[in-house]
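Report on one structure; see the data block that follows.
Nothing fancy with the numbering, it's 1 onward along the sequence. If you're wondering where the values come from, they're calculated on a predicted model, not measured in any experiment. Each ligand, and each atom within it, is numbered from 1 in the order the structure gives.
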Amino acid sequence: MKKVELINVSKSYDKQVDVISNINVTIEPGEFFVLVGPSGCGKSTMLRMIAGLEEITGGTLKIGEQIANNLSPDKRDLSMVFQNYALYPHLTVQQNITFGLDVKRMKKDEQKRKAAEVASMLGLTDYLARKPRELSGGQRQRVALARAIVSETPICLMDEPLSNLDAKLRAHMRSEIRRIQRTLGITMIYVTHDQVEAMTMGDRIMILHEGKIQQIGKPIDIYNHPANPFVATFIGSPPMNLAKAVLDETTEELVVENELRIPVPGMERSKLPSHGMTVGIRPESILPLTPEQTGGVKLEVTTTNVEVLGNETIFSFHVGTEEWMAKWSGQWHIGIGEQLPVWLEFDSLSIFDGEEGHLIKKTVDQSHHVVQQEVVE
Ligand SMILES: Nc1ncnc2c1ncn2[C@@H]1O[C@H](COP(=O)(O)OP(=O)(O)OP(=O)(O)O)[C@@H](O)[C@H]1O
Ligand SMILES: [Mg+2]
């Protein structure tokens, strides 16, 4: 197990604009670290710099205790699964999988045993004799994964390794990769633009936007306390609802989009700035109003769209110029254009500074604990 440390790392392809700027992060030994962000934000560039396939134009990269900026790729003790697989077209699946083991002088029958083991794990047993051109995209992707897994290097870099798989296989492979990583104690740096993958696989995740770090943390902490509106809308599906808000000093209410008025509890007032803010609320925190409901802010919304997904119902409505979404568990009979009474509370709001964008008020913890009870037979 080795750590990977980036100190003020930046990258420019044209010596003018940085596509990656000032990255500071330490990936701990044995950690599953996920790098996530929209297309073009610099994920592959960062991974390729760690692999030694792309020059680092600023800062320092350390692998283990060694400065690695100028270390050749084969001396970095790592394996990589590329976004575009990079298989050898003239070699069979088996030869592609064991390619790196030849260099390590592993005995042929040992190589064969390992290839068979990993092929069975990834559902490739029937394809070992084929050439890459005789495989589907998803099968090729799994060959690339297999090659990285058999190499058993202390560090593994994966660039969107599951993007070509169907939903069921992807879910299966997510847990397989996690299991293999834990068993072998590999330090994993895993790139994806799929926030579900990031949430479910990562010990920690880093969110990158336009080459800059937005936030690093445990998935659940990022979900609960996103550092800025970008993270708030990137992690979570449907995304967090956002809207502009100001504080009405006389009524001590938060006025959202000139429409929705939310009373601010006494202790919270001093934390809020007198200039504009952005408020955010997760779709699951906008709740159905029941006759018993007392506290919170009630409002009547008009639905603009409804999706019933079997186990949950999602509907949209307008708050001023913004379209918000609510997510209710279960199946609800709701029509488009219908008026619905809903409620929400101040505690479930995230509030961001309107100018700087940083989080100024967090949501209050609403997680649950299982209460153990004796089962009477
Ligand atoms: N060889 C290159 N020369 C010049 N610019 C490049 C080169 N490679 C990448 N870029 C630019 O650098 C930025 C980051 O690219 P990168 O491939 O790292 O993005 P990414 O986050 O991996 O995106 P995706 O999710 O689409 O794979 C992009 O704006 C891209 O156009
Ligand atoms: Mg990429």
May I ask you to identify, for Met46, whether its side chain, its backbone, both or neither come under 4.0 Å of ligand 1 on a heavy-atom basis? neither
Is the distance between the ring centroids of Phe33 and Tyr190 under 6.0 Å? no
So which protein heavy atom does atom 9 (C) of ligand 1 come closest to, and at what separation? Tyr13 CE1, 3.5 Å
Transitive ILVMFWY cluster of Ile7, excluding itself - 4.5 Å side-chain cut-off: none
Is the distance between the ring centroids of Phe315 and Trp332 under 6.0 Å? no
Could any protein non-hydrogen atom be found less than 4.0 Å from atom 31 (O) of ligand 1? no
Under 4.0 Å to a heavy atom of Glu160 - the qualifying atoms of ligand 1, by number: 25 (O)
Return the CG to CG distance between Asp365 and Asp347, rounded to the nearest 0.5 Å. 11.0 Å
Quick check on contacts: which atoms of ligand 1 are under 4.0 angstrom from a heavy atom of Ser44? 17 (O), 18 (O), 20 (P), 22 (O), 27 (O)
Establish, yes or no, whether the cationic atom of Lys361 lies under 6.0 Å from the six-membered ring centre of Phe346 and within 45° of the ring axis. yes
Using distance alone, decide if ligand 1 has a nitrogen or oxygen within less than 3.5 Å of any nitrogen or oxygen in Gly42. yes
Thr60: partners by side chain to side chain donor-acceptor pair (under 3.5 Å), with sequence neighbours left out: none
For atom 29 (O) of ligand 1, closest protein heavy-atom neighbour: Gly40 O, 3.8 Å
Check Lys244 with Glu257, please: is the shortest side-chain N to carboxylate O separation under 4.0 Å? no
Ligand-side contact atoms (ligand 1) for residue partner Thr45, heavy atom cut-off under 4.0 Å: 14 (C), 15 (O), 16 (P), 18 (O)
To the nearest 0.1 Å, how far is atom 27 (O) of ligand 1 from its closest protein heavy atom, and which atom is that? Gln83 NE2, 2.9 Å
Which residue supplies the protein heavy atom nearest to atom 25 (O) of ligand 1, what is that atom called, and how far is it? Lys43 NZ, 2.8 Å
Output, by chain and residue number, all protein N/O/S atoms separated from the Mg ion (ligand 2) by less than 2.8 Å. Ser44 OG, Gln83 OE1
Val19 N/O under 3.5 Å from ligand 1 N/O: no
State plainly whether the residues Asp194 and Arg170 are in salt-bridge range, i.e. N to O under 4.0 Å. yes
Does Glu65 come within less than 4.0 Å of Lys2, counting only side-chain N to carboxylate O? no
Can you run down the salt bridge (Lys or Arg N to Asp or Glu O under 4.0 Å) pairs that involve residues 172-190, sequence neighbours left out, and say none if there aren't any? Glu176-Arg179, Arg178-Asp203
Can Cys41 be said to touch ligand 1, with heavy atoms closer than 4.0 Å? yes
Tell me, which protein residue and heavy-atom name are nearest atom 26 (O) of ligand 1, and how many Å apart are they? Ser39 OG, 2.5 Å
Under 4.0 Å between a Lys/Arg side-chain N and an Asp/Glu carboxylate O for Glu5 and Lys3? yes
How about Ile207 and Ile213: do any of their side-chain heavy atoms sit closer than 4.5 Å? no
